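What you are looking at is a predicted structure, and each value in this text was computed from that prediction instead of being measured.
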Amino acid sequence: MQFKHLSLALALPALSVAAPTPQDSSIQIVGGQAASAGQFPYIVSIQVSGRHYCGGTLLNANTVLTAAHCATNSASSYTIRAGSIQWASGGVTSRVSQVIRNPSYSGNNNDAAIFKLSTSIPAGGNIAYGTLPASGNDPAAGSSSTVSGWGTTSSGGSAPAALRYVTVPIVSRSTCQAQYGTSSITTNMVCAAEAAGGKDSCQGDSGGPLVVTGTSTVVGIVSWGNGCALRGYAGVYARVGTQLSFINQYL
C-alpha cells in the first residue's frame with residue numbers, strides 16, 4: 001500500500017532523500033483520457049526542483065489544498081503552476097510561503113494539507129477555484145466522481161506532459177474495508193474505482209482533487225492504494241467532508 005506521489009528521489013535526482021514508496025505501476029491516470037484546456041480550472045501542479053511532484057486544488061487566490069504526505073518539505077522548495085494542462089509550461093506560477101499539514105495526520109489518516117501562496121492567483125481564463133462540500137459530506141456508493149492529474153507513465157518514470165482524468169464510481173466504505181482491512185479504511189477516507197479494475201489515479205496524482213462529476217466540488221484528495229487500477233483494490237482518498245474544520249482555518 002503506497003502513496004500516490006512522485007518520490008523525492010525522482011523530483012530531486014541529485015539528492016538521496018527518504019520518501020514514501022511510489023506506486024508499483026507502469027501507468028498514469030489509468031483508463032482515462034486527455035483533459036482539454038480549462039476543463040479542470042482548479043487543479044494545480046505542485047513542483048519540486050522544476051519537476052511535477054503532486055497535484056492540488058486551488059481554493060482561493062492564496063490557498064491550495066493537497067495531501068499531507070505531499071507536504072514534507074520546507075515551503076521554499078515548492079512551486080505551484082495553475083491555469084495550464086501542461087505541468088511544465090503555461091498558466092501562472094507562485095512560490096509557497098507556508099505549508100500546514102493537518103495536525104491529526106497519522107499514517108494514511110487525515111491526509112490533508114494547505115499550501116499558502118506567496119503570490120496571489122486570481123480567477124479568470126483557465127483558472128477557477130474548487131468548491132468545498134458541506135461538513136460531513138460522505139459521497140454515496142455508486143455516485144460518479146472524477147479525478148485528474150499528471151501521474152507517471154511508468155513506475156519511477158517521468159510525469160506525462162499533459163493533464164489527464166478518469167471518471168470512477170464511489171465504492172462503499174464497507175467494500176473498501178473488505179479490500180484493505182477494517183482498520184485501514186477510516187471514516188476520514190473515501191474510496192473510488194471500477195469493480196473490474198482498469199480505472200484509477202496513480203503515482204504522481206497524489207494531492208489532486210476527486211470531484212463530484214461535472215462540478216468543482218472537491219470530495220476527496222488523492223491519497224493511497226494498492227498499486228493502481230487493480231481489480232479488487234479501490235483508490236483511497238482523504239475525505240474532504242471531515243477535513244473542513246482544519247481547512248477553513250486557513251482560507
Side-chain angles (χ1 to χ4, degrees), residues 4-6 11 28-67 70-71 75 78-97 99 112-133 144-153 158-168 192 199 201-222 237 240 247 250-251:
K4 294 188 173 183
H5 78 328
L6 291 176
Q28 52 194 30
I29 279 275
V30 183
Q33 54 193 305
S36 58
Q39 186 174 2
F40 300 97
Y42 43 79
I43 195 170
V44 301
S45 169
I46 297 173
Q47 301 175 14
V48 176
S49 192
R51 300 295 297 176
H52 174 75
Y53 181 58
C54 279
T57 302
L58 194 64
L59 296 181
N60 60 36
N62 298 99
T63 310
V64 168
L65 175 66
T66 189
C70 293
Y78 296 106
T79 299
I80 303 298
R81 186 182 300 277
S84 177
I85 58 173
Q86 305 291 325
W87 69 261
S89 64
V92 297
T93 62
S94 173
R95 301 307 296 267
V96 175
S97 62
V99 169
I114 291 291
F115 285 12
K116 300 301 291 187
L117 304 182
S118 300
T119 304
S120 296
I121 299 179
N126 290 329
I127 297 174
Y129 305 137
T131 303
L132 294 171
S144 182
S145 63
T146 300
V147 60
S148 50
W150 290 271
T152 60
T153 55
S158 59
L163 183 68
R164 295 184 67 82
Y165 72 98
V166 67
T167 297
V168 285
K199 293 185 177 183
S201 53
C202 202
Q203 180 190 346
D205 293 321
S206 272
L210 178 77
V211 301
V212 176
T213 299
T215 79
S216 62
T217 302
V218 185
V219 294
I221 303 166
V222 179
Y237 301 77
V240 175
I247 294 167
Y250 302 101
L251 295 180

Trainee: Measuring only between side-chain heavy atoms, which start at C-beta, is P41 closer than 4.5 Å to N126?
Mentor: no
Trainee: Test side chain to side chain donor-acceptor pair (under 3.5 Å) on S45 and Q47 and set out the steps.
Mentor: CA-CA 6 Å; S45 169; Q47 301 175 14; 3.1 Å; yes
Trainee: What heavy-atom pair brings V44 and A82 nearest, and what distance separates the two atoms?
Mentor: CG1-CB, 3.7 Å
Trainee: Quick one, Y237 and S201 - any side-chain contact, counting heavy atoms below 4.5 Å?
Mentor: yes
Trainee: Less than 4.5 Å apart, side chain to side chain, heavy atoms only: is that true for L59 and Y129?
Mentor: no
Trainee: Quick one: do T217 and T131 satisfy side chain to side chain donor-acceptor pair (under 3.5 Å)? Show the steps, please.
Mentor: CA-CA 5 Å; T217 302; T131 303; 4.9 Å; no
Trainee: Examine distances only and state if a side-chain atom of S216 and a backbone atom of G130 form a donor-acceptor pair shorter than 3.5 Å.
Mentor: no
Trainee: For the residue pair S84 and G91, what are the closest heavy atoms and their distance?
Mentor: CB-N, 3.7 Å
Trainee: Report the C-alpha distance between Y165 and Q33 in whole Å, list the side-chain angles of each, state the deciding distance to 0.1 Å, and finish with yes or no for side chain to side chain contact (heavy atoms under 4.5 Å, CB included).
Mentor: CA-CA 6 Å; Y165 72 98; Q33 54 193 305; 3.1 Å; yes
Trainee: Roughly how far, to the nearest 0.5 Å, is the CG atom of L210 from the OG atom of S145?
Mentor: 4.0 Å
Trainee: Could you check whether any side-chain heavy atom of I127 comes within less than 4.5 Å of a side-chain heavy atom of P122, counting everything from C-beta outward?
Mentor: no
Trainee: Please report the shortest heavy-atom distance between A61 and L117, naming the atom on each side.
Mentor: O-CD1, 3.8 Å
Trainee: Okay, side chain of W150, backbone of I85: is any donor-acceptor separation there less than 3.5 Å?
Mentor: yes
Trainee: Is there a side chain to side chain donor-acceptor pair (under 3.5 Å) between T79 and T93 once you walk through the steps?
Mentor: CA-CA 7 Å; T79 299; T93 62; over 6 Å; no
Trainee: Could you tell me if the side chain of V64 sits less than 4.5 Å from the side chain of I114, heavy atoms only?
Mentor: no
Trainee: Look at the side chain of R95 and the backbone N and O of Y78, then say whether any donor-acceptor pair between them is shorter than 3.5 Å.
Mentor: yes
Trainee: Just by distance, do the side chain of S206 and the backbone of C54 share a donor-acceptor pair under 3.5 Å?
Mentor: no
Trainee: Taking it one step at a time, do S36 and Q39 satisfy side chain to side chain donor-acceptor pair (under 3.5 Å)?
Mentor: CA-CA 5 Å; S36 58; Q39 186 174 2; 3.3 Å; yes
Trainee: Taking all non-hydrogen atoms of both residues, which atom of T63 and which atom of Y250 are closest, and how far apart?
Mentor: OG1-O, 3.6 Å
Trainee: Do side-chain atoms of T213 reach the backbone of T167 as a donor and acceptor pair under 3.5 angstrom?
Mentor: no
Trainee: State, yes or no, whether a side-chain contact exists between L163 and W87 at a heavy-atom distance under 4.5 Å.
Mentor: no
Trainee: Supply the atom-to-atom distance N62 CG to S118 OG, rounded to the nearest 0.5 angstrom.
Mentor: 9.5 Å
Trainee: Please answer whether the main-chain N or O of G204 pairs with a side-chain N or O of H52 as donor and acceptor at a distance below 3.5 Å.
Mentor: yes
Trainee: Carefully, step by step, assess I46 and I80 under the rule side chain to side chain contact (heavy atoms under 4.5 Å, CB included).
Mentor: CA-CA 5 Å; I46 297 173; I80 303 298; 3.5 Å; yes
Trainee: Any heavy-atom pair between the side chains of V211 and T57 that's under 4.5 Å?
Mentor: no
Trainee: Evaluate the side-chain proximity of S144 to V212: yes if any heavy-atom separation is below 4.5 Å, no if none is.
Mentor: no
Trainee: Of all the heavy-atom pairs spanning A128 and A123, show the shortest one and how long it is.
Mentor: CA-CB, 4.4 Å
Trainee: Could you grab the distance from atom CG of L132 to atom CG of N60, nearest 0.5 Å is fine?
Mentor: 9.5 Å
Trainee: Go through the steps to decide whether D205 and V147 satisfy the test side chain to side chain contact (heavy atoms under 4.5 Å, CB included), and finish with yes or no.
Mentor: CA-CA 9 Å; D205 293 321; V147 60; 5.5 Å; no
Trainee: Which atoms form the tightest heavy-atom contact between Q86 and A162, and what is the distance?
Mentor: NE2-CB, 3.7 Å
